[in-house]
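Keep in mind that the numbers below use all heavy atoms, side chains included, and drop hydrogens, waters and symmetry copies. Both ligands and their constituent atoms are indexed starting at 1 by order of listing.
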Amino acid sequence: MNFHTRKWVKPEDLNPNGTLFGGSLLKWIDEEAAIYAIIQLGSQRVVTKLISEINFVASARQSDIIELGITATEFGRTSITMRCEVRNKITRKSILTVDKMVFVNMGEDGKPAPHGKTEITYIKDQFKD
Ligand SMILES: CCCCCCCCCCCCCCCC(=O)SCCNC(=O)CCNC(=O)[C@H](O)C(C)(C)COP(=O)(O)OP(=O)(O)OC[C@H]1O[C@@H](n2cnc3c(N)ncnc32)[C@H](O)[C@@H]1OP(=O)(O)O
C-alpha cells in the first residue's frame, strides 16, 4: 500500500476531547479514495458507492503527522474497490482501517459505465509514451 498523502493535525480538526475528529478523517479518506479512483480509472466522473466498516484503531492528537494509504483490491465492470489505512507518520501506528471502499464510474448519462480497467496502473507506466 502506498501512503501518498500526509496531514498535519491542527486545532480545527479536533473534537471536544482534543483528539482528531472522526468526521474530518472520513472526509480526508473519501477525498483520497476519490483521487485514487479518478487516477486508476482515468475518469473524473466517479462517485462513492460504499464504505464498509470503519475501524478507528487509535486516536490522533494535535500536531501529529498522519499519512493516508489506499490500494485497489478489485476492479469490477463499473466499480473499483479499495482498502484504506491511516497511520501515524512517525510511529507507523495504525489510526484507522477501512476494508472496503467502492467507487463507481459514471457515464455522461449519470448511470454506471464500464471503465475497462482490470489492474492497478503505476505512475511510471502512466507516462510511458
Ligand atoms: C475540466 C476539468 C474539470 C475537473 C472536474 C473534476 C471533478 C472531479 C469530481 C470528483 C468527484 C469525486 C466524488 C467524491 C465522492 C463523492 O462525494 S460522491 C457523492 C456520494 N455518492 C453518491 O451520491 C452516489 C449515490 N449512489 C448512486 O447514485 C447509485 O447508487 C450508483 C452509484 C449510480 C450505483 O447505482 P446501482 O443501482 O447500485 O448501480 P449498479 O449498476 O447496480 O452497480 C454499479 C456498481 O456498483 C456495485 N455495487 C452496487 N451496490 C453495491 C454495494 N452495496 N456494495 C458494493 N458494490 C456495490 C455493483 O457491483 C456494480 O459494480 P460492477 O460489478 O459493475 O463493477
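Close approach to Met106 involves these atoms of ligand 1, each under 4.0 Å from a residue heavy atom: 33 (C). In the vicinity of Ile38, heavy-atom distances shorter than 4.0 Å reach the ligand 1 atoms 10 (C). Residue Val46 has at least one heavy-atom neighbour below 4.0 Å for each of these atoms of ligand 1: 11 (C), 12 (C), 13 (C). Counting the atoms of ligand 1 from 1 in the order shown, those under 4.0 Å from a heavy atom of Val47 are 18 (S), 24 (C), 32 (C).
Counting heavy-atom neighbours within 6.0 Å of Glu108 CD, excluding the residue itself, gives a total of 12 or less. Within 6.0 Å of atom CD in Glu31, 12 or fewer heavy atoms from other residues, nucleotides or ligands are found, so the atom counts as exposed in its surroundings. Heavy-atom neighbours of Phe21 CZ from other residues, nucleotides or ligands within 6.0 Å: at or below the threshold of 12.
When Met101, Glu74, Gln44, Lys100 are checked for heavy-atom proximity to atom 5 (C) of ligand 1, Gln44 turns out nearest. Considering only non-hydrogen atoms, atom 63 (O) of ligand 1 lies nearest to Arg77 out of Lys111, Lys49, Arg77. With Val104, Thr48, Val102 as candidates, the residue nearest to atom 20 (C) of ligand 1 on a non-hydrogen basis is Thr48. Which of Ala37, Gly110, Gly76, Ala34 comes nearest to atom 14 (C) of ligand 1 through a heavy atom is settled by distance: it is Ala34.
Within the 4.0 angstrom cut-off, atom 30 (O) of ligand 1 has one or more protein heavy-atom neighbours. At a distance under 4.0 Å, no protein heavy atom can be found next to atom 42 (O) of ligand 1. Within 4.0 Å of atom 1 (C) of ligand 1, not a single protein heavy atom is present. Proximity of atom 58 (C) of ligand 1 to the protein is not indicated, since no non-hydrogen protein atom lies closer than 4.0 angstrom. Within a 4.0 Å radius of atom 47 (C) of ligand 1, the protein contributes no heavy atom. Taking a distance limit of 4.0 Å, we find that atom 65 (O) of ligand 1 is approached by some protein heavy atom. For atom 18 (S) of ligand 1, a protein non-hydrogen atom is found at a distance below 4.0 Å. Remark: atom 25 (C) of ligand 1 lies closer than 4.0 Å to no protein heavy atom.
Side-chain N/O atoms of Asp30 and Thr48 include a donor and acceptor closer than 3.5 Å. Side-chain contact annotation: Ser43 with Asn105, donor-acceptor N/O pair under 3.5 Å present. Donor-acceptor pairing under 3.5 Å is lacking for the side chains of Thr97 and Glu85.
Atom CD1 of Ile38 and atom CZ of Phe103 lie 8.5 Å apart (nearest 0.5 Å). Atoms CD1 and CD, on Ile90 and Glu67 in that order, are 8.5 Å from each other to the nearest 0.5 Å.
Both Ile54 and Val9 belong to a single network of hydrophobic side chains, linked directly or stepwise wherever heavy atoms of I, L, V, M, F, W or Y lie under 4.5 Å apart.
Here the heavy atom of the protein found nearest to atom 60 (C) of ligand 1 is Thr78 OG1, 3.7 Å.
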With side chain to side chain contact (heavy atoms under 4.5 Å, CB included) as the criterion, how do Val86 and Phe56 come out once you've worked through the C-alpha distance, each side chain's angles and the decisive distance to 0.1 Å?
CA-CA 9 Å; Val86 178; Phe56 289 94; over 6 Å; no
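Looking at Leu50 against ligand 1, only its side chain comes within 4.0 Å, counting heavy atoms.
Considering both main-chain and side-chain atoms, Ser79 comes within under 3.5 Å of ligand 1 through a nitrogen or oxygen pair.
Ligand 1 does not have Arg45 within reach: every non-hydrogen atom of the residue lies 4.0 Å or more from it.
Counting heavy atoms from C-beta outward, Thr71 and Ile120 have side chains that approach closer than 4.5 Å.
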